[in-house]
Amino acid sequence: MAACHHVIAHWTTQEERQQITDAIAYARRIDDLAALPLLLARLTQPCDARNTPKETT
């Protein structure tokens, strides 16, 4: 999420995408209806951060 500067941070790696997907499944399991729209918004596309090369330090 470090590269995405949107108000609702989008996934930038497959690992982050899987974490969001897992969080959606958990929110559904516990009926957390407030979390679902925010989590689903994090999966929306496009996000330019995914298209930029990552800096290595």
Measuring only between side-chain heavy atoms, which start at C-beta, is Q14 closer than 4.5 Å to R17? yes
Applying side-chain contact (heavy atoms from CB on, under 4.5 Å), can you list everything that pairs with L33, at least two apart in sequence or on another chain? L36
Which distance, rounded to the nearest 0.5 Å, do you find between the CD1 of I20 and the NE2 of H10? 9.0 Å
Evaluate the side-chain proximity of L39 to T21: yes if any heavy-atom separation is below 4.5 Å, no if none is. no
Nearest-0.5 Å distance, CG of residue D32 to CG of residue L38: 9.0 Å
Going from CD on Q19 to OG1 on T13, what distance comes out if it is rounded to the nearest 0.5 angstrom? 7.0 Å
